[in-house]
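As a basis for the values below, the full set of heavy atoms in this structure was taken, side chains included, without hydrogen atoms, waters or symmetry mates.
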Amino acid sequence: MGRVDKGLQPFRGSTLVEHVMRRLAPQAAGIVINANRNLPQYQAVAGEAPVLPDYLDGFEGPLAGLQIGLQYCPTELLLTAPCDSPFLPADLAERLHAAMQAQDADVALAVTMESEDGGEPQRQLHPVFALLKASLLPQLDAYLATGARRMESWYKSLRVAEVMFDDADAFRNINTLAELQQHERLQAPTPPVAASAAAAPATAGATDPARAAPAAEGEATAAATATADAMPVAEAQRIICERMTPIAATETLPLRAALDRVLAEDIVSPINVPAYDNSAMDGYALRGADLPAAGAPDATFKVIGIAYAGRPCTQAPQAGECIRIMTGAAIPPGCDSVLPQELAAHIGADTVTIAHGAIRPGANRRFAGEDLKAGGIALAKGKILRPADLGLVASLGIGEVAVQRKLRVAFFSTGDELRSLGDSLDEGCVYDSNRYTLFGMLTRLGCEIIDMGIVRDDPAALEAALREASAQADAIITSGGVSEGAADYTRDILARIGDVAFWKLAMRPGRPLAFGQIRTEAGSAWLFGLPGNPVAVMVSFYLFARPALLRMMGAQSALPMMQARCTEAIRKRPGRTEYQRGIISAGAGGEPQVRLTGAQGSGILRSMTEANCIVVLREAQASVAAGEMVDVLLFDGLV
């Protein structure tokens with residue numbers, strides 16, 4: 001999923017693989033996870049359940065995982081399900097088993113009726129949702145030994161029972177981070193559970209069923225107790241996402257003034273792009289039927305005209321004739337193929353010779369509407385307009401666009417020890433750096449910013465600042481004043497003139513973080529009370545404030561995540577999510593690798609200036625050994 005491991009992605013307070021495990025646990029005697037990378041992370045999630053890599057080398061597909069499942073399976077039947085389908089039916093095993101018995105089958109597969117683009121419903125087979133006899137292992141071994149890897153081809157050699165399920169959404173897999181976020185918003189939340197009993201790609205038949213369900217219940221209770229003290233990161237992100245809605249106000253701007261603004265309406269193409277069939281190359285336009293056949297001698301064509309971009313040729317070539325054509329020129333009447341000039345066997349004064357196989361019929365022809373069709377959506381609502389987008393809109397002849405109005409964000413720092421630039425630095429005081437960091441991050445987001453300076457540690461002054469900010473802004477961001485110190489008043493004031501959704505998170509850095517809404521007679525605004533330490537401010541902003549602000553702007557907020565191989569060991573205890581500053585580079589073979597910047601204290605702002613990424617260590621994850629893969633959040637475009 002965008003180079004991150006699907007099963008370990010956060011989803012409603014746990015991970016995708018835990019949701020699948022929860023669905024499978026009541027249906028099977030036990031659970032085993034098959035995974036080819038991030039094995040320690042999966043083991044942390046699985047608890048006592050085994051985590052097994054494929055027997056075959058490399059990433060050989062679902063049948064390789066099925067092979068290891070059949071090798072391990074101590075029961076007569078094996079149930080399989082993928083890690084990216086958290087809504088699988090609760091009666092999957094029961095219905096597959098009934099069909100297998102009734103039809104004396106070797107394997108039972110789930111089937112649904114699905115349609116594409118409003119067409120007629122078609123039968124859709126789901127071969128990874130299957131119940132198989134464990135005795136099939138020798139047949140599978142023999143099939144894989146031939147080098148074949150297709151599940152459908154192997155199933156054709158077996159007696160298969162197909163079981164129709166009415167709910168196609170239950171088998172829907174989540175393939176992108178955007179889909180994951182959409183399901184977070186649309187589906188009803190489920191209670192978070194700690195790592196224990198689930199599988200995906202899952203194979204049933206491993207652990208003691210008498211222990212599986214009670215363990216899950218006990219861990220859910222433990223997780224609920226931990227949540228009351230410090231909320232998991234994924235749960236906090238879900239709460240923020242649910243409460244945020246885009247602002248309603250829009251404005252229409254000239255195209256050149258719309259850079260980095262958020263589209264308020266779809267851009268619908270009024271024309272076909274390209275407007276006509278045209279050549280993708282400089283060369284010769286001809287009829288594909290006239291190309292020399294296999295075994296035939298080279299064919300020589302007479303050049304009867306020339307077509308330029310903007311100056312089409314209206315002549316229609318006959319057999320043995322062609323038109324000299326330039327890139328972008330309209331395809332002449334009767335022609336359907338273009339021979340690039342460099343592929344010609346010989347070029348004469350007014351002839352060109354072509355050998356068999358130089359091109360195929362229809363080659364190098366760009367069709368009208370191939371890029372955009374008239375009436376189609378060129379750019380979708382919510383898109384942040386980048387330079388290429390401006391060019392695309394201009395190519396449609398559109399000179400003005402409707403955009404969301406700029407989001408107004410007020411921000412200030414709190415603390416008697418803070419001094420502004422230009423002030424003398426008294427003993428025990430520090431210069432305020434957080435406001436400048438926030439200024440940069442908010443400016444990059446395209447917000448209209450209101451810098452309210454430094455607010456001293458005084459309840460009356462802080463409340464006055466929050467009231468003033470709520471009258472002017474859509475959102476307020478503060479730094480400092482949200483921990484459990486005696487002078488930290490933000491939470492108490494927020495509870496009095498608004499509401500507090502949470503204020504303590506299971507993460508490092510950035511444990512103290514307040515989120516809620518200020519509501520006064522003069523207006524209302526969402527509040528993000530960030531920690532005071534400089535690194536914690538940046539990490540908290542990117543993980544919580546940034547996606548919320550983008551959502552208010554009507555834009556997408558996915559962060560650029562990938563995986564890289566860690567060049568050194570990283571110490572970590574399970575129970576909280578950690579974000580460590582790293583430097584990502586290319587390894588000897590070109591693969592991405594990452595190392596930490598050094599000391600990771602939340603007050604060491606230099607660690608952020610040296611870093612080009614953040615290493616994300618998930619809540620259930622333990623220490624990482626050198627050489628293991630880790631999730632990495634890229635800074636490109638952020639800092």
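- Taking both residues in full, the closest heavy atoms of Thr15 and His19 are given as O-CD2, 3.0 Å, listed atom of the first, atom of the second, then distance.
- Salt-bridge check for Asp277 with Arg366: failed, with every basic side-chain N at 4.0 Å or more from each acidic carboxylate O.
- No hydrogens or angles considered: a donor-acceptor pair under 3.5 Å links the side chains of Glu578 and Gln580.
- In this structure, Met561 CE and Gln9 CD are separated by 6.5 Å, a value rounded to the nearest 0.5 Å.
- In this structure, Thr112 OG1 and Glu162 CD are separated by 11.0 Å, a value rounded to the nearest 0.5 Å.
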Verdict with reasoning, Ile239 to Phe544, per side chain to side chain contact (heavy atoms under 4.5 Å, CB included): CA-CA 10 Å; Ile239 289 173; Phe544 303 101; over 6 Å; no
Criterion side chain to side chain contact (heavy atoms under 4.5 Å, CB included) on Met552 and Trp526, from CA distance to verdict: CA-CA 10 Å; Met552 293 176 71; Trp526 293 104; 3.8 Å; yes
CA sep, side-chain torsions, deciding dist, call: Tyr42, Leu8, side chain to side chain contact (heavy atoms under 4.5 Å, CB included): CA-CA 7 Å; Tyr42 273 110; Leu8 299 174; 4.0 Å; yes
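- Between Lys383 and the choices Ile267, Asp389, Asp266, the side chain to side chain contact (heavy atoms under 4.5 Å, CB included) rule is met once, by Asp389.
- Inter-residue side-chain proximity for Leu66 and Leu132 is flagged as met; some heavy-atom pair is nearer than 4.5 Å.
- Residues Ala620 and Val45 share a closest heavy-atom pair of CB-CG2, 4.3 Å.
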Show me the side-chain donor-acceptor pairs of residues 371-382 shorter than 3.5 Å, one per line, residues at least two apart or across chains.
none

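- When all heavy atoms are compared, the tightest approach of Met100 to Ala108 is CE-N, 3.9 Å.
- Under the side-chain hydrogen bond (donor to acceptor under 3.5 Å, both in side chains) criterion, Arg386 pairs with Asp260, sequence neighbours left out.
- Atom CD1 of residue Ile33 and atom CG of residue Leu52 lie 9.5 Å apart, to the nearest 0.5 angstrom.
- A salt bridge between Glu242 and Arg238 is present, with a side-chain N of the basic residue lying under 4.0 Å from a carboxylate O of the acidic one.
- In this structure, the side chains of Tyr155 and Leu63 stay at 4.5 Å or more apart for every pair of heavy atoms.
- A search for salt bridge (Lys or Arg N to Asp or Glu O under 4.0 Å) contacts involving Arg150 returns Glu152, not counting sequence neighbours.
- Listed by first then second residue, pairs satisfying side-chain hydrogen bond (donor to acceptor under 3.5 Å, both in side chains) with a partner in residues 134-144 read Gln67-Asp141, not counting sequence neighbours.
- Minimum interatomic distance between Ser540 and Gly510 (heavy atoms only, all atoms of both residues): OG-CA, 3.9 Å.
- Pairing each heavy atom of Val624 with each of Cys566, the nearest pair is CG1-CB, 4.3 Å.
- In this pair, Phe171 and His126 present their aromatic rings parallel. The plane angle is below 30°, not in the 30 to 60° band.
- The salt bridge (Lys or Arg N to Asp or Glu O under 4.0 Å) search around Arg95 returns none, not counting sequence neighbours.
- To the nearest 0.5 angstrom, Asn612 atom CG is 6.5 Å from Ile584 atom CD1.
- For the residue pair Ala29 and Thr75, the shortest heavy atom distance occurs at CB-CG2, 4.4 Å.
- Contact annotation: the side chain of Lys504 never approaches that of Leu513 to less than 4.5 Å [non-hydrogen atoms, C-beta and beyond].
- The closest side-chain heavy-atom distance from Met629 to Gln593 is not below 4.5 Å.
- Tyr579 pairs with exactly one of Leu633, Val233, Leu617, Val615 by the side chain to side chain contact (heavy atoms under 4.5 Å, CB included) rule, that one being Val233.
- Under the side chain to side chain contact (heavy atoms under 4.5 Å, CB included) rule, Leu78 has a single partner from Val32, Val107, Leu70, which is Leu70.
- Within 6.0 Å of CD in Glu568 there are more than 12 heavy atoms belonging to other residues, nucleotides or ligands.
- Residues meeting the side-chain contact (heavy atoms from CB on, under 4.5 Å) test with Pro270, sequence neighbours left out: Leu396, Ile398.
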Arg551 vs Thr245, side chain to side chain contact (heavy atoms under 4.5 Å, CB included): CA-CA, chis, key distance, verdict: CA-CA 6 Å; Arg551 186 165 172 78; Thr245 56; 5.6 Å; no
